Colleague: 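For reference, the structure I am asking about is given below.
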Amino acid sequence: MRLSFQWLSESLTRKIGSLSTILLSFILVVIVYSIIKLLAINKEMREVAEIDIPLTEVIAEIEILQLQQHLLIRQLHIKLDKSASFEPLQKEFIRLNTALNEQLASASTIIKEGIAQTLITSKVAEHQQALSEIQVYKNAHDKFQDKVEHVFSSVAKSIDLRDEYWMDLEKHNAALDTQTITLLKRVESLTEEIAKNTEKHEREFLFVNAALGLSALFIGVHITAYIIHSFRQRMGHIHGQIETLQRSIVNQSPIDTTETPLSTSNDELSELANDIHQLMQKYDEQRSNRYEFENQLIKLATTDKLTGAFNRHNWEDALVQEIEHAKQDLPVSLILFDVDHFKKINDTHGHDVGDKVLKYLTFLIQQNIRKTDPLFRLGGEEFAILVRDLDLNQAKQVAEKLRRLIEKIDSQTLPSFTVSFGVSQFIQEDTPDSIFKRVDRALYSSKTQGRNQVSSA
Ligand SMILES: Nc1nc2c(ncn2[C@@H]2O[C@H](COP(=O)(O)OP(=O)(O)OP(=O)(O)O)[C@@H](O)[C@H]2O)c(=O)[nH]1
């Protein structure tokens, strides 16, 4: 079990290699099996072709010769009664006899050589039995030949043969007939049996080969399906990672690497996926560092170094934005304020104290306005607050609250100081210039009317 799990996390090349080896080994077994079986079937067919069929033919020929000889003996008997010439019959007998002996010899040779050359592999004992039956037939036939030759020599010497002699000859002849028929049947049954066996082996071969072939196909299809599945799974994973990375690059959004966890497999595609995973983590790290760096840059560019309030960088844009807000019939106001006689503070207490005054003023204002109301230092000791969703009266109240707070500052380290305020509400027709001019007029009014007061326009 552990071995199979180890194998599953193996290199893809190794996996494909080992699966292909299994398939090739299987195909090799199929080929070796086919060769062995084909050789066996070929041997059986050779036995049928080179032994059994020629033997059947020879034995059939022997049977025919035997019958011809039988008929010839009958003719001889008839012709002798009629005192006819018997010389052609003697010649025919000699021919038949010679042919018969030749066929018997060739039948014996076929069986003997077949056994010696191991062409006969099945039913060897039966073939040997047939061989001895051929020998028995030959011996019987030799005796019969002697008897027939005795007939011819008796005829030549004009000696009459007794009827018992002819009857004995006829009996002998009939026995030889029976022997040839038995021999023929034996050989035919052998041939038939071997042919049947060969046919059976052919069928078995076809069946086993078809089964092995189908199994090889089954294994092949499964291996192919496994390889395709593995590739698709791994490629899908990698594709997902690349899409996530691409999305993050386009949207500049953070990457959630938990969506595509590290693969535990050791194969090449999993290694590639893990490399991409690391690349994504590095990219995300760099992206967030860059984001932080950009934020710091933006903060530096838009923040006043001394007080920490917004500087003039986004001032114009902020005004345009609030004008848009006002165009939607939503109230928005602007508070402009300036430290009174700040030059005198600098001159009396020094520039550093002047700086501290500006810093503390910023701190105090930021503590007492909403987080959503941006505070701008427009230059020197002049500041502005954009107060959204407050109309002129509400904005004036805020300014008045701030003015009083500043007035009441009681510090050991800072000189007391006052601030003049100008307040105005945005109208739909405003431009950055018009709203600023209006609020500046209000501030100027506070300054000219004695300072430390809130004026509106
Ligand atoms: N300490 C300090 N002084 C600054 C800074 N920026 C501008 N100032 C000084 O602020 C003073 C502003 O003086 P004025 O414009 O005459 O205004 P004021 O003296 O406040 O008089 P009113 O506004 O009319 O009440 C100048 O002396 C500037 O040098 C700063 O960052 N720090």
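We count ligands from 1, going down the list as the structure has it; atoms in each ligand are counted the same way. Side-chain atoms are counted along with the backbone in the values below, which use heavy atoms only and exclude waters and symmetry mates. If you're wondering where the values come from, they're calculated on a predicted model, not measured in any experiment.
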Colleague: Taking the side chain as every heavy atom from C-beta outward, state whether Ile249 and Arg287 have any atom pair closer than 4.5 Å.
Modeller: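 No, side chains not in contact.
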
Colleague: Which residue owns the protein heavy atom closest to atom 20 (O) of ligand 1, what's the atom, and how far is it?
Modeller: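 The answer is Phe342 N, 2.7 Å.
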
Colleague: For Arg377, state whether at least one heavy atom is located under 4.0 Å from any atom of ligand 1.
Modeller: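 Under 4.0 Å: yes for Arg377.
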
Colleague: Just go through Arg451, Lys447, Glu382 and tell me whose heavy atom is the nearest to atom 24 (O) of ligand 1.
Modeller: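 Of the listed residues, Arg451 has the closest heavy atom.
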
Colleague: Could you check if a side-chain atom of Glu400 sits within less than 4.5 angstrom of a side-chain atom of Gln397, using non-hydrogen atoms only?
Modeller: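 No, too far: nothing below the 4.5 Å cut-off.
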
Colleague: So which heavy atom in the protein is nearest atom 27 (O) of ligand 1, and how far is it from that ligand atom?
Modeller: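 So the nearest neighbour among protein heavy atoms is Lys343 CG, 3.5 Å.
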
Colleague: Starting from atom 28 (C) of ligand 1, locate the nearest protein heavy atom and write down its residue, its atom name and how far away it is, to 0.1 Å.
Modeller: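 Going atom by atom, the protein heavy atom closest to atom 28 (C) of ligand 1 ends up being Asn346 ND2, 4.3 Å.
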
Colleague: When you measure from atom 14 (P) of ligand 1 to every protein heavy atom, which one gives the shortest distance, and what is it?
Modeller: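 Here the nearest protein heavy atom works out to Glu381 OE2, 4.2 Å.
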
Colleague: Indicate the ring-plane relationship of Phe436 and Trp315, choosing parallel, tilted or perpendicular according to the 30° and 60° boundaries.
Modeller: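 It falls in the perpendicular class, over 60°.
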
Colleague: Could you point out which residue of Thr118, Leu119, Leu38 forms a side-chain contact (heavy atoms from CB on, under 4.5 Å) with Lys43?
Modeller: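 Of Thr118, Leu119, Leu38, side-chain contact (heavy atoms from CB on, under 4.5 Å) with Lys43 is met by Thr118 alone.
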
Colleague: So for ligand 1, is His351 a polar contact partner (N or O within less than 3.5 Å, distance only)?
Modeller: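 Checking ligand 1 against His351, an N or O pair does fall under 3.5 Å apart.
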
Colleague: Hydrogens and angles aside, do Gln129 and Glu133 bring a side-chain donor and acceptor to less than 3.5 Å of each other?
Modeller: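 Result is yes, a qualifying pair exists.
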
Colleague: How many angstroms lie between atom CZ of Arg403 and atom OG of Ser420, to the nearest 0.5 angstrom?
Modeller: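 So the CZ of Arg403 and the OG of Ser420 are separated by 9.0 Å.
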
Colleague: Between Leu306 and ligand 1, is there a nitrogen or oxygen pair with a distance under 3.5 Å?
Modeller: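 N/O-N/O distance under 3.5 Å: no.
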
